[in-house]
Each structure stands twice: as structure tokens, then as C-alpha cells.
Amino acid sequence: MNIVKQFAFISVLHMLHWKVTLSNEGVIDSDLQSKTLNVGEAKAPRYLLYDVNPGEGFNLRRDVYMRVANLVRNLNEDAPWILVLPPWGGLYHWKSRHLDQTRIPWSTFFDLPSLRRFVPVIEFKELLKLMPEPVIDELYYLQNYKEGWTEFEDKMDIRDCIQNPYHFNEDRGLWEGWFFSYGDEVGVRKLTCVSLLGHSALLKPFLLHNTTARTVMTDRAETMLHDRFGDKNYWECRRSMRFSKALRDIGDEFRRKYLDSTDEKDNTVLHEDWTQMKRKHGEAKGGPYVAAHLRRADFLYARPKDVPSLENTAKQLKAVLKKQKLKTLFIATDAPKDELKELKDLLRDYKVYTFEPPKEVLETYKDGGIAIIDQWICAHARYFIGTYESTFSFRIGDEREILGFDPDMTYNRVCGDEDKECEQPSRWTIVYK
Ligand SMILES: Nc1nc2c(ncn2[C@@H]2O[C@H](COP(=O)(O)OP(=O)(O)OP(=O)(O)O)[C@@H](O)[C@H]2O)c(=O)[nH]1
Ligand SMILES: [Mg+2]
């Protein structure tokens, strides 16, 4: 049975005090009033929650989602599982400190119906409404092997915790922690540390056979690796991660207004249903502009050899514009204002644009939304040049693969001042089968 249909079928199987109802689309919605059926406990869906190392950025977190989503898709071959989307918040890079940037639902950034075409998902807030009490049954805190490893092999073992950011509250009889900033309300009944080396598929037999808990959370989910990086499942999941329509619309409006770029002219029309969209390399033409993602800020210190000076950046961008015979440049960057001004001065012979969000756009969609709009505009440029090993640049590359750009127009990077070799980015090209 197709996973979405299977999910729809299983969602009708209610049990005990769990307030699960079914909407027309076969998507769980606790707000809807509909019939309740009492069916055996064994068939009721189970919920997998996850969290990621607090230090990780937005774009790596999106990659971790894919590892977990593939696990949940695998689990659904044998039993009904629903992936619980961890609210966004507390990210180091989200600098607009005047805004509350916690408890942001996935629907602010992503199109949930698209995600659901790959795997059943539910927002954490919705799960809270369904739960009889805000207590997660079991938490598996993933960690490496203390002794390290010499030869790679897939393995996992229950071990003592090497470190554990959760603390046990004797009065409540629960483990307490961050829980996406819901720590005051939410707790966990049982916590176990698990040393893991290997792929997300390893967890499948464990979750199916070693526990019967209804709600299971894995923390430090980045510890699990992609089952098969870059294969069909990887790309299906990636294609399902469509940005929310509202953010795409803002990016499209900017393209139309300033960059003479529309989907019709650029051959980048999006099929509403990603499962029906299949593009060949080179089909997408892109708007008549070059887009550059210039990661600076902490990369200046973390990767000084890979980040060029502003003068050198301008020189490299001019060379690209000349070669592409284009006069318009869109820059996405996390550089501070003074650096951006200096760069724009150095490029004054060209039309240089950056997306400066109106106040209400920033307040509604926060720093994460602005990052997505920047990525969306970069994804539609005729030619893209990014920053070495930035996951922000990688995600733009994926987006361009989905749209059908020639890889030559995507896998480019600015080179460090002293980097004579300047290795170009690996080409993670899309596959459909
Ligand atoms: N709006 C906007 N934000 C950016 C830009 N570049 C970086 N950022 C911000 O800085 C964050 C970058 O962190 P990550 O998402 O971890 O990506 P990365 O740091 O480039 O890559 P890794 O550290 O290798 O994972 C983004 O999520 C944004 O919040 C940009 O061009 N535009
Ligand atoms: Mg980062």
C-alpha cells in the first residue's frame, strides 16, 4: 500500500485516550471532529520525535530531517509511524535578537502537504494536543562510541551516557530538558544513551522490536548517517521539502520586480505535486542574473583559507559576470552591512541586488524565512556561485538540481585568496530511479 494511503487507513484506527481524528486528506488533525473507532492497540500509530545538537545550523538540520524521514518511511513498511516535526528555534545564526525565534512551526518554512507526500508528519504542537499528558515515553540519546572506532561497521549498543544534557526531576519523576523550548511543560519518562555508528536504517529493528512505547524521541539525531546518500530515496525526500508557498511567492515577486525573472521565461515552472515533476539537466534556463552566496561571518574565522577578501571576491564575481555576459548580480550573504557596502562599491559597474526584508516580512518569517527567500532567489539564477563547504550553498545546489539546471551553472564556488587549486564543489546530481 502506498505510504500516504496506508497512513490514511491507519489514522482511522483510534485507541484509548489518544485524540486522533482523520481529515479528508488523510492527514491527522486534532482540531477536526470526526468519528472515533476503537481498534486494537497494536495498529495505532507511533510517533518518532527527534532533536539535533544545539550548535547545528539551519541547513544541516534540514539534512538531518532527511535521515529521520527515511527512517520513518522505512518503519512504515512494517508498522504505522508518524514523524514529529521539531519546532525551529534557538539557532546561533538567527541574529535578529529583537524577535522571538522559538517554537516556529515547520509550516512557516515548508509546505506540509509536500512533506506528507513522502512520509506522515505532524507538528509537535499538534502532537501535544493529541497526547493525554505532555510526557514522551522514551528518549534515546545518541552518542558515539567512547573508545572511537578503527574500522567502520554499522553498530549500536546501549551504553552509559558520555554526556547527558537532561536532568532527572525527582518530584515529577521525569527527565527534563530543552524540548524545543517546551521544557517547562514537557518531560520524558525514560532516558537511555545509545552509542551508534552507522546509518539511520539501524534504528528500524530496534524501534520495531525493542520498544513498544507510543512516543519515542531520538536526540542528537545527526549521529545517524544517511542510509544511501544521493540515491532515489534521498532525492525523493529532498524533493518533498518544498518551501512554503508564502516564502516562494515573496522570492518570485522580487525576481519579477528587480531581476526580470519569471518561471515562464526562465523555464522553471514548478509542478504543484513534486512527485509528478521530473526535469532533465539543462532544461531550466534561469533568470538573466548571476547569484552568489557569500558565507562570511563565522566562516571568516572557521575557514579563513576558503573565504576570499572582499576585493578578491569582487574580482571573481566580475569575471563570472563577464563570462556569462550578464550585468545583474544577486548577492545572498550573512556579511555585516559595512562589508556588503564595500563589496557593492567594488562592483559599482553592475546592477547588484540583495533582498532587504520589509519589517513585516522579517517579523512574520524571521531569519530562517529570509534565508529561504535568499536561497530561492539564488536557485533561479542563470548561474550560481557559492561558498566552499557551506551547507547553505549546498541546499541551493539541490534546489537547482530539482529545477533542472545544467550542473556547470550550479557547482561553482569563490576561491580563497591563496588557494591556487580551488577544488570545485562535488556534483550531487539528482536521480529519479
Ligand atoms: N539570509 C541569509 N542568511 C544567511 C546567509 N548565509 C548564512 N546565513 C545564516 O547563517 C546560517 C548558516 O548556517 P548553516 O545553515 O549551518 O550553513 P553553513 O554554516 O553555511 O554550513 P555548515 O556550517 O557547514 O553547516 C543560515 O542558516 C542563515 O541563518 C545568506 O546568504 N542569507
Ligand atoms: Mg553552520
Side-chain angles (χ1 to χ4, degrees), residues 52-67 86 88-97 99 101-102 104 106 108-110 220-223 225-226 229 238 241 243 247-248 250-251 254 289-308 310 313 317 329-337 339-340 343-344 352-359 361-381 384-400 412-414 416 423 425-426 428:
V52 179
N53 179 16
E56 300 296 350
F58 190 28
N59 292 287
L60 185 90
R61 282 166 186 269
R62 283 163 54 185
D63 189 73
V64 176
Y65 166 83
M66 293 172 61
R67 305 175 207 182
W88 295 97
L91 265 58
Y92 162 80
H93 292 103
W94 291 355
K95 301 273 191 220
S96 302
R97 302 282 180 235
L99 301 173
Q101 307 211 49
T102 56
I104 303 173
W106 275 61
T108 302
F109 299 145
F110 296 96
R220 301 299 301 259
E222 76 284 359
T223 314
L225 305 174
H226 281 286
F229 188 88
R238 181 62 185 82
M241 297 184 77
F243 296 135
L247 292 175
R248 283 187 271 133
I250 296 170
F254 186 91
Y289 60 100
V290 167
H293 171 236
L294 305 173
R295 183 78 165 79
R296 293 182 67 83
D298 48 312
F299 261 40
L300 284 181
Y301 315 102
R303 299 172 169 275
K305 288 205 204 77
D306 303 320
V307 180
L310 292 173
T313 303
L317 294 177
L329 174 69
F330 176 78
I331 297 176
T333 185
D334 57 350
K337 283 205 164 54
E339 285 185 20
L340 183 61
L343 185 62
K344 282 185 170 172
V352 181
Y353 292 93
T354 46
F355 178 74
E356 305 296 339
K359 190 163 164 278
V361 170
L362 179 62
E363 281 171 1
T364 309
Y365 300 105
K366 323 279 163 108
D367 289 323
I370 307 312
I372 286 174
I373 295 167
D374 267 347
Q375 289 185 318
W376 190 243
I377 300 169
C378 286
H380 287 80
F384 173 68
I385 180 165
T387 299
Y388 187 58
E389 287 190 349
S390 156
T391 46
F392 190 106
S393 293
F394 289 155
R395 295 291 85 83
I396 295 168
D398 315 332
E399 213 66 55
R400 292 173 65 84
N412 309 292
R413 59 166 282 213
V414 290
E423 191 193 335
S426 308
W428 296 110

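This chain uses plain numbering: 1 for the first residue, then up along the sequence. For ligands, and for the atoms within them, numbers begin at 1 and follow the listed sequence. All figures in this text were calculated on a predicted structure; none of them were measured in a lab.
The residues lining ligand 1, counting any heavy atom closer than 4.0 Å, are Gly57, Phe58, Asn59, His93, Trp94, His293, Arg295, Phe299, Ala332, Thr333, Asp334, Ile370, Ala371, Asp374, Glu389, Ser390, Thr391, Phe392.
Ring to ring, His293 and Phe392 are close: their centroids are under 6.0 angstrom apart. Ring centers of Phe394 and Trp428: at least 6.0 Å apart, outside the cut-off.
Annotation: ring-ring contact (aromatic ring centres under 6.0 Å, His included) contacts of Tyr65 (sequence neighbours excluded): Trp106. Scored by the side-chain contact (heavy atoms from CB on, under 4.5 Å) test, Pro357 finds Phe355, Val361, Leu362, Ile370 as partners (sequence neighbours excluded). Evaluation of the side-chain contact (heavy atoms from CB on, under 4.5 Å) rule for Tyr353 yields Phe254, Tyr258, Leu259, Thr328, Phe330, Lys351 as partners, not counting sequence neighbours.
Using a 4.5 Å cut-off on side-chain heavy atoms (C-beta onward), Leu329 and Tyr289 make no contact.
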